[in-house]
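Single-structure report; data block below.
Reminder, nothing fancy here: chain letters follow the sequence lines and each chain counts from 1. As the structure is a prediction and not an experimental result, all values here were calculated from the model.
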Amino acid sequence: MKIYNSYTDQLEDFIPKHPGKVGMYVCGPTVYNFIHIGNARPVVFFDTVRRYFESKGFDVTYASNFTDVDDKIIQKAFEENIPELELSRFYIDAFLKDIASLNCKTDYIQPKVTEYMQHIIDYIQALIDKEYAYIIEGDVYFRVSKLKDYGALSNRDIDELISGSRVNVNELKENPLDFTLWKKTSEGINFDSQFSEGRPGWHTECVAMIDDIFGEEIDIHGGGTDLKFPHHENEIAQSKVIHNHRVAKYWMHNGRLSMKDVKMSKSIGNVILVKDFEYKMPLRYFLLSTHYRSPLNYSEESFLMYVKEFEKLENTYKSVFFKLDIEDAFDDNKEIQNEEILLTINDFNENMDNDFNTANAITALQALLKFVNQNIRKPNNLEILNEAYLALKYMMDILGLVVSISRIKKEDRAIYKEWQSARKSKDFSTADGLRKTLVEKGVL
RNA sequence: GGACCCUUAGCCAAGUGGUAAGGCACGGGACUGCAACUCCCCCACCGCCGGUUCAAAUCCGGCAGGGUCCUCCA
């Protein structure tokens, strides 16, 4: 299994730290708003990564944080005249609801900044003790210049960064690149610490949480490419000082989603919120249809294709499910023997093994759909259909695509058979009536 | 201004040296009592110009267009 490691910028064999186990962490949202479909890309993708690892039998520990202390949260809470924590709690719930609607698992470890304050403060203190951080008037900054290989992840050179810097120079800092670990403030929600009354900068939380949850270098750290610098670079800087490792062995960065070629972001305002978006499963399908490292462009025209493609998946899944159900021919424990199906599964797995190439994995899925549709009208084919159904379910489970359909009741099965015989005897008025009944019952 | 990336058919999208996967749309067939679904066939000299090589969409250089980061943003 190969993963593109953005730390080394190359495809590498995945070797877990502990055989059979995977520890992964993905940067989560700052909860001050509903998420848009661009926000959903990393969530859906890394959920798929998790699903694939689990399908291969790995014991996956998956953590993703909620940043519930932040200037934007404070501002929004002030605007709405409610406590910060009430606001963040509301948007955490909304987030979990939204990602659940995209069939992302929500049973992962969800650390929050407010619950990690002491860890964060201790972490900052440890940096100070090692003289990689300094306090000025209650603020605490990380001393970037003291670290030799700062910039290794994002391939940046400290000198170039300084010369190209357009950051407003904070006179208090030793160096313009030094980043804030703790900010003294009396505005909004704040916390007591030995440095001052204030709140933490956003770069320490992830690394303090990872330290507490995993206690060692993790296997995979994920997030959007926009977080590579400075956020992930800063995580690494702090971790190098405290633990002498780079947080994660494999760094994975997903490309961004843009809107008609303009980056979708809350500040531009060109957003489609997940909660308002009608096509949940097609959205998941769409997000996985392009390789995760490539940028993805949303337009109504191209999205409609994915709506159609998902409909086809839905139709095919339902038809094979129905066929097996009506014949009472489900066998979940059947071993797949059909060569064509096995080759397709193999193709699917090889592509997933190759840096989670979901675009090509979906191609394998499409081949399977064609196989099902080619075989579904052939007689005496239930064994093969059952195998194809199991393969279909396997792929859909990994991609996290669901089609809702339930088993047929006995009485409905009888009606269905009546309908079929009425058709056979060309009694079309009876047949149409029976079909109508079945449609009303939701069987067809 | 600096660093980096991308450009494949009408649209989306794989492919990283050996001669262009797949999907959607279009067109042509088939199946069908009607409808829906479905199946088969058809559909590309890989932004432009040069170079390296027996061989390039794939490597190198230039040009054009688009993007990301350097600043809050997944």
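- Atom CD of A:Glu301 and atom C1' of B:A9 are 14 Å apart (whole Å).
- No more than 12 heavy atoms of other residues, nucleotides or ligands shown are found within 6.0 angstrom of NZ on A:Lys184.
- A donor-acceptor contact under 3.5 Å is formed by the side chain of A:Asp432 with the base of B:G33.
- Spacing between B:G10 and B:G62 at atom C1', rounded to whole Å, works out to 31 Å.
- Note: NZ (A:Lys323) to C1' (B:C37) measures 14 Å, nearest angstrom.
- At most 12 non-hydrogen atoms from other residues, nucleotides or ligands lie less than 6.0 angstrom from CD of A:Glu339.
- Taking atom P in both B:G1 and B:A44, the straight-line distance is 42 Å, to the nearest Å.
- In terms of position along RNA chain B, the nucleotide closest to A:Asn373 lies nearer the 5' end than the nucleotide closest to the other residue of the pair A:Gly223 and A:Asn373.
- Residue contacts shown for A:Lys312 are limited to sugar-phosphate atoms, with no base heavy atom under 4.0 Å away.
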Discussion item. Could you go through A:Arg407 and A:Asp328, starting from their C-alpha distance and side-chain angles, then the distance that decides it, and tell me whether this counts as salt bridge (Lys or Arg N to Asp or Glu O under 4.0 Å)?
Written reply: CA-CA 10 Å; A:Arg407 297 291 298 264; A:Asp328 202 15; 3.7 Å; yes
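- When both distances must be under 3.5 Å, the Watson-Crick or G-U wobble mate of B:C31 does not exist.
- Residues A:Glu309 and A:Arg377 each lie close to RNA chain B; by heavy-atom proximity, the contact nearer the 5' end of the strand is made by A:Glu309.
- Figure legend. B:U7 is base-paired to B:A64; pairs are counted as Watson-Crick or G-U wobble with both atom distances under 3.5 Å.
- Distances shorter than 4.0 Å separate some side-chain N or O of A:Gln374 from OP1 or OP2 on B:C40.
- Using Watson-Crick or G-U wobble geometry with both donor-acceptor distances under 3.5 Å, B:A57 finds no partner in any strand shown.
- Two residues are said to be in side-chain contact when any heavy atoms from C-beta on lie closer than 4.5 Å; A:Tyr306 and A:Met281 fail this criterion.
- Whole-Å rounding puts the A:Leu304 CG to B:C24 C1' distance at 10 Å.
- For the P atoms, the distance from B:G65 to B:G28 is 41 Å, rounded to whole Å.
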Fill in: Test side chain to side chain donor-acceptor pair (under 3.5 Å) applied to A:Asn297 and A:Ser258, step by step
CA-CA 5 Å; A:Asn297 195 35; A:Ser258 57; 2.9 Å; yes
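- One N or O donor and one acceptor, one from the side chain of A:Arg435 and one from the base of B:C34, sit under 3.5 Å apart.
- Residue A:Asn380 places its CG atom among 12 or fewer non-hydrogen atoms of other residues, nucleotides or ligands, all under 6.0 Å distant.
- Out of B:A14, B:C69, B:A74, the shortest distance to the side chain of A:Phe229 is found at B:C69.
- Across all strands shown, B:C43 forms no Watson-Crick or G-U wobble pair with both distances under 3.5 Å.
- Across the strands present, B:A25 finds no partner; the criterion is a Watson-Crick or G-U wobble pair with both atom distances under 3.5 angstrom.
- With rounding to whole Å, A:Asp9 atom CG is found 13 Å from B:A3 atom C1'.
- When heavy atoms are screened at a 4.0 angstrom cut-off, A:Lys308 is found touching the sugar-phosphate backbone but no base atom.
- Taking atom NZ of residue A:Lys72 and atom C1' of nucleotide B:U71, one finds them 11 Å apart after rounding to whole Å.
- By the 6.0 Å contact criterion, NZ on A:Lys97 is open, its count of non-hydrogen atoms from other residues, nucleotides or ligands being 12 or less.
- Spacing between B:G17 and B:A57 at atom P, rounded to whole Å, works out to 13 Å.
- Base pairing of B:U16: no nucleotide in any strand meets the Watson-Crick or G-U wobble criterion (both distances under 3.5 Å).
- Within a 6.0 Å radius of NZ in A:Lys275, more than 12 heavy atoms belonging to other residues, nucleotides or ligands are found.
- Comparing the C1' positions of B:G61 and B:C24 gives a spacing of 38 Å, expressed to the nearest Å.
- One can place CG of A:Asp226 at 16 Å from C1' of B:A3, the figure rounded to the nearest angstrom.
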Between the protein and nucleotides 58-60 of chain B, which nitrogen or oxygen pairs come in under 3.5 angstrom?
none

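- Counting non-hydrogen atoms under 4.0 angstrom, A:Asn360 reaches a base of the nucleic acid.
- OP1 or OP2 of B:G15 lies within a sub-4.0 Å distance of a side-chain N or O belonging to A:Asn357.
- Base pairing of B:G1: its partner is B:C70, meeting the Watson-Crick or G-U wobble criterion (both donor-acceptor distances under 3.5 Å).
- Taking atom P on both B:G2 and B:A20, the two are 40 Å apart, rounded to the nearest angstrom.
- The closest side-chain donor-acceptor pair between A:Asn234 and A:Tyr150 falls under 3.5 angstrom.
- The C1' atoms of B:U68 and B:G15 are separated by 23 Å, rounded to the nearest whole Å.
- One interatomic measurement links the two molecules: OH of A:Tyr279 to C1' of B:C24, which rounds to 15 Å at whole-angstrom precision.
- Comparing atom distances between the A:Lys370 side chain and each of B:A74, B:C34, B:C40 picks out B:C40 as nearest.
- B:C59 and B:U16 are spaced 10 Å apart, taking the P atom of each and rounding to whole Å.
- Contact check on A:Asp325 versus A:Lys318 returns no salt bridge, with no Lys/Arg side-chain nitrogen under 4.0 Å from an Asp/Glu carboxylate oxygen.
- Here B:C24 presents its P atom at 10 Å from CE of A:Met305, a figure rounded to the nearest Å.
- The residue A:Pro42 sits close to a base: some heavy atom pair falls under 4.0 Å.
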